[in-house]
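Reviewing the structure listed below.
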Amino acid sequence: MSTSPAPETVRTDVLIVGAGPVGLFAAFQAGVLGLTCEIVDVLDRAGGQCTELYPEKPIYDIPAIPGCNAQELVDRLLEQCAPFAPPMHFGQRADSVTEITGEDGHPRLLVTTDAGKRFDAAAVLVCAGAGAFAPQRVSVPEAAALEGRHIHYAVRELSRFAGKRVIVAGGGDSALDWALALRNVAARVTLLHRREGFRAADHTVASMRAAVEAGEMDFVMGMLGGLSTTDGALTSVVVKTRDGDRDIPADDVIALYGLVSEPGPIAQWDMDMHAGRVLVDTTTYESSRRGVFAAGDIAYYTHKQKLILSGFHEAALALRKAYHYAFPDKALVHMHTSNNPALKAKLTTA
């Protein structure tokens with residue numbers, strides 16, 4: 001009788017859970033401090049919510065970068081951490097964490113993913129954003145077969161919709177922002193929302209109404225009731241309005257109904273939580289569980305600001321405490337990158 005070999009265990013100083021902007025910056029900071037790290041993300045590529053939800057949306061509050069879109073920010077962060085070549089493991093979720101004892105007698109953590117991969121780490125830094133998330137999907141029966149071709153839950157490239165008849169469904173900032181952006185690209189854009197009121201900034205609503213008034217786009221109040229296809233391709237949508245069903249020609253539907261978010265398995269990691277987020281000590285951003293840290297939107301403390309900038313700060317401090325878990329008998333000597341010849345050479349050569 002044959003038995004399957006035991007899964008390989010990867011040993012590292014820090015396991016970073018999440019490859020969004022904060023996780024990528026954490027990988028850079030780990031390299032600067034001389035820590036090895038591995039990154040795990042449930043998505044199929046780096047970027048997290050930035051590239052999943054709004055890759056072309058502008059960001060203006062990153063220090064020294066007056067403006068860039070979300071995808072550009074992720075690309076720059078990948079370039080920044082590239083000199084340290086942190087291994088990234090996509091398409092798998094960190095499921096469980098167990099305390100173990102290292103060969104030197106010091107405590108360590110064993111993390112197992114849902115793909116069966118195992119990581120032996122001195123510390124774990126959770127940078128999982130809002131946690132495990134998924135878009136609220138179109139509920140009509142015909143939608144499933146059209147997802148990825150004609151039904152979309154994010155806009156990755158505006159050019160994808162050039163010359164198309166596009167229905168943008170939703171009433172939040174994202175829906176209005178993309179409807180306004182697409183009116184200059186698509187053949188025709190229709191914003192579909194179930195009521196006259198919107199969950200968006202006043203200036204965005206005003207811009208949308210002005211665009212409708214100018215004939216640059218349409219607004220229809222109603223709910224998506226069905227999808228019509230010809231030879232497997234979307235041709236129109238059925239909208240349920242107060243006056244009855246209405247058929248609107250369409251090539252693509254962008255459904256921006258929001259996200260369903262939850263912390264996922266980390267909620268079972270025996271840490272103090274607050275409203276689905278990890279409660280941390282703001283001197284080290286360590287959770288109530290030794291060796292497990294949190295940074296970014298998943299971290300909670302009084303007066304927390306959900307900014308990428310805040311996540312960068314939290315990750316930097318967390319890793320300094322993590323260093324002492326990785327090297328308990330070694331002092332961490334602070335040195336600016338510009339004053340560290342070996343590090344400077346590594347970064348400038350890369």
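- Using a 4.0 Å cut-off between a side-chain N of Lys or Arg and a carboxylate O of Asp or Glu, Arg209 and Glu196 qualify as a salt bridge.
- A chain of hydrophobic side-chain contacts below 4.5 Å, direct or via other Ile, Leu, Val, Met, Phe, Trp or Tyr residues, connects Tyr257 to Leu227.
- Each of Arg188, Lys164, Arg165 was evaluated against Asp251; a single residue qualifies, Arg165, per the salt bridge (charged side-chain N to carboxylate O under 4.0 Å, His left out) test.
- Contact of the Thr112 side chain with the Thr98 side chain is not registered, since no non-hydrogen atoms from C-beta on lie closer than 4.5 Å.
- Within the 4.5 Å cutoff, no side-chain heavy atoms of Val278 are placed close to those of Phe293.
- By the 4.0 Å N-to-carboxylate-O rule, Arg289 lies close enough to Glu99 to be salt-bridged with it.
- Not counting sequence neighbours, the partners of Tyr285 by the ring-ring contact (aromatic ring centres under 6.0 Å, His included) test are Tyr301, His313.
- For the pair Leu309 and Pro63, the minimum side-chain heavy-atom distance is below 4.5 Å.
- The environment of Glu79 atom CD is sparse: at most 12 non-hydrogen atoms of other residues, nucleotides or ligands sit within 6.0 angstrom.
- Val166 has its side chain out of reach of Trp178: every pair of non-hydrogen atoms, C-beta onward, lies at least 4.5 Å apart.
- Minimum heavy-atom separation, Ala267 to Met273: CA-CE, 4.2 Å.
- Ile266 is not listed as a side-chain neighbour of Val292, based on a closest heavy-atom distance of 4.5 Å or more.
- Note: the hydrophobic cluster containing Val168 does not contain Met223 (ILVMFWY, side chain heavy atoms under 4.5 Å, direct or indirect links).
- No donor-acceptor pair under 3.5 Å is formed between the side chain of Arg183 and the backbone N or O of Ala179.
- Taking the ring-ring contact (aromatic ring centres under 6.0 Å, His included) definition, one finds that Phe90 meets it with nothing, sequence neighbours left out.
- Trp269 and Ile100 end up in different hydrophobic clusters when Ile, Leu, Val, Met, Phe, Trp and Tyr side chains are linked at under 4.5 Å.
- Between Lys321 and Thr283, every side-chain heavy-atom pair lies at or beyond the 4.5 Å cut-off.
- Ile65 is connected to Leu78 through a chain of hydrophobic side-chain contacts under 4.5 Å among Ile, Leu, Val, Met, Phe, Trp and Tyr, so both are in one cluster.
- Looking only at side-chain heavy atoms (C-beta outward), Leu33 and Phe327 stay at 4.5 Å or farther from each other.
- The shortest non-hydrogen separation linking Asp252 to Arg149 is OD1-O, 3.4 Å.
- Under the 4.5 Å side-chain heavy-atom criterion for Ile, Leu, Val, Met, Phe, Trp and Tyr, Leu256 and Met221 are members of the same hydrophobic cluster.
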Please test Thr9 against Asp120 for side-chain hydrogen bond (donor to acceptor under 3.5 Å, both in side chains), starting from the C-alpha separation and ending with a verdict.
CA-CA 6 Å; Thr9 299; Asp120 173 352; over 6 Å; no

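- Minimum interatomic distance between Arg290 and Pro107 (heavy atoms only, all atoms of both residues): NH1-CB, 3.6 Å.
- Of all the heavy atoms in Cys127 and Ile16, the pair that sits closest is SG-CG2, 4.2 Å.
- Taking the six-membered ring where tryptophan is involved, the planes of Phe119 and His89 are perpendicular, since the angle between them exceeds 60° and thus also 30°.
- Proximity of Met88 to Leu24: side-chain heavy atoms (C-beta onward) are separated by under 4.5 Å at one or more points.
- Met208 approaches Leu180 most closely through the heavy-atom pair CA-CD2, 3.7 Å.
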Derivation of the side-chain hydrogen bond (donor to acceptor under 3.5 Å, both in side chains) call for Asp243 and Thr241:
CA-CA 5 Å; Asp243 300 323; Thr241 73; 4.9 Å; no

